[in-house]
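Just so it is clear, the structure is predicted and the values come from calculations on it, not from any experiment.
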Protein chains: 2
Amino acid sequence: MIYHNMSSHQNDRPTPEETPLGFARHDHAKCVDQGLAAAEERSRAAGLRFTPVRRKVLEILLREHRAVGAYEILDNLREAGFASQPPVAYRALEFLVTQGFAHRIERLNAFIACASPGDDHAPAFLICRGCDSVAETHMRPSDGAFGAAARATGFQVERAVIEAEGLCPACAPEAS
Amino acid sequence: MIYHNMSSHQNDRPTPEETPLGFARHDHAKCVDQGLAAAEERSRAAGLRFTPVRRKVLEILLREHRAVGAYEILDNLREAGFASQPPVAYRALEFLVTQGFAHRIERLNAFIACASPGDDHAPAFLICRGCDSVAETHMRPSDGAFGAAARATGFQVERAVIEAEGLCPACAPEAS
DNA sequence: CTGGACATGTTATGATATATCATTTAGCTC
DNA sequence: GAGCTAAATGATATATCATAACATGTCCAG
């Protein structure tokens, strides 16, 4: 599954020109609502507390629809009347990442809402250096040459960070 | 090619017990010298300046034989009589990474000497959360499911970060 | 209604990284 | 080798990202 996050288009409906990739158009308000509802549902099912701060942080990530830094989230929290000390944001983010509702992008020191919460998760990201959009795709790191190398050494992979940097189809032509 | 960096054993010759994986024993002083010589040679061939600071930073990385943070490198530089402001280390590291003599480990915000400089490079790392050792292996990210997903969207991958976290064979048993 | 677990609020600080500008050095041309 | 240019380094300051530690508040099972 592929899900593209266009930072520069966050307030637009994607047009065919903007998403010439077959990325699905979507009703953004609806995808925010659905994301929140899914997280709420899954938290309840797991006996976890989907508190207001956690909800708000996930809402920000879903709304922004791109990789967002912790301090930017903090600004949003402040505006929304929440406390605005760093630990507030980092704790909420830790919860969301642990539960698989969001991911950390190591390359950017930033966070992004998960494109398919609920799946058994081995996310990989395509990061455009032109427009900072981030696309999420899933893969099993145990597959392929990488998994083979790990297995050959007896290394037990618990988590894999897979982040590709390059140019998305929209930015590639502009970079003459 | 696999190359394991054991932080906790940095002053020892690896013993069979410490490297039960088939990782090659090696003469560490020699591997430092060879790494420096290779970098010097390749810099000269490319018309680049392999200056004392750059050489010293690469020497530190080769000697430590593990992922090392920029500020730790800075401490080493100070002790060696070099300037010790952050930009000094970061600039040297940028050079080494750009030239492929070292890699940045995003997950650790740290740097490590390249295990096979000269190769056409798509490094992947196995990071042990038990002993902080880092093994480097190479792969072509264009292979497998990941490459397929990128190609399907028209995304041009320029660089890929592939970092697996887990337990190395030495640490797996201890984590009952 | 109370004890324990978890979550949040708050202060302080630690850790990582870069912008900027001054100065020095290396290599080039004449 | 004098003068020019580009690259590298030195140095100051500051930006950015992240967590330790402890106090306070909230939920809920017993």
Discussion item. Please say yes or no: joined through hydrophobic side-chain contacts below 4.5 Å, possibly via intermediate residues, are V161(A) and L93(A) part of one cluster?
Written reply: no
Worksheet item: More than 12 foreign heavy atoms under 6.0 Å from CD of E158(A): is that the case here?
Response: yes
Fill in: Value in whole Å for how far the P atom of dC22(D) lies from CZ of R91(A)
14 Å
Item to complete: Take atom NZ of K56(B) and atom P of dA8(D), then tell me their distance rounded to the nearest Å.
Response: 21 Å
Discussion item. From CZ of F50(A) over to P of dT8(C), roughly how many Å is that when rounded to an integer?
Written reply: 11 Å
Worksheet item: Can you check the F111(B) CZ to dA15(C) P distance for me, whole Å?
Response: 17 Å
Worksheet item: To the nearest Å, how far apart are Q85(B) CD and dT24(C) P?
Response: 15 Å
Discussion item. In whole Å, I'd like the distance from the CG atom of N109(A) to the C1' atom of dA15(D).
Written reply: 13 Å
Discussion item. With nearest nucleotide decided by heavy atoms, which residue, L108(A) or P86(B), maps closer to the 5′ end of DNA chain D?
Written reply: P86(B)
Worksheet item: Is there a donor-acceptor pair closer than 3.5 Å between any side-chain N or O of E163(B) and the backbone N or O of E106(B)?
Response: yes
Discussion item. Please report the distance, rounded to the nearest Å, between CD1 in I73(A) and P in dA18(D).
Written reply: 10 Å
Practice prompt. Return no unless some side-chain N or O of T51(B) is found under 4.0 Å from OP1 or OP2 of dT25(C).
Written response: no
Item to complete: Report the distance from atom CG of L77(A) to atom C1' of dG9(C), rounded to the nearest whole Å.
Response: 13 Å
Discussion item. When you measure from the side-chain N and O atoms of R104(B) to the phosphate of dA17(C), is any distance below 4.0 Å, counting only OP1 and OP2?
Written reply: yes
Worksheet entry | Closest nucleotide among dA7(C), dT16(C), dA8(D) to the R49(A) side chain | dA7(C)
Discussion item. Classify F95(A) by what it touches in the nucleic acid, base, sugar-phosphate, or nothing, heavy-atom distance under 4.0 Å.
Written reply: nothing
Discussion item. So does R49(A) get a backbone contact from the side chain of R54(A), meaning a donor-acceptor N/O pair under 3.5 Å?
Written reply: yes
Discussion item. Using the six-membered base ring of dT19(D), report whether Y90(A) stacks on it, requiring centroids under 5.5 Å and planes under 30° apart.
Written reply: no
Worksheet item: What is the ring orientation for F95(B) with F50(B), classed by angle as parallel under 30°, tilted 30 to 60°, or perpendicular over 60°?
Response: tilted
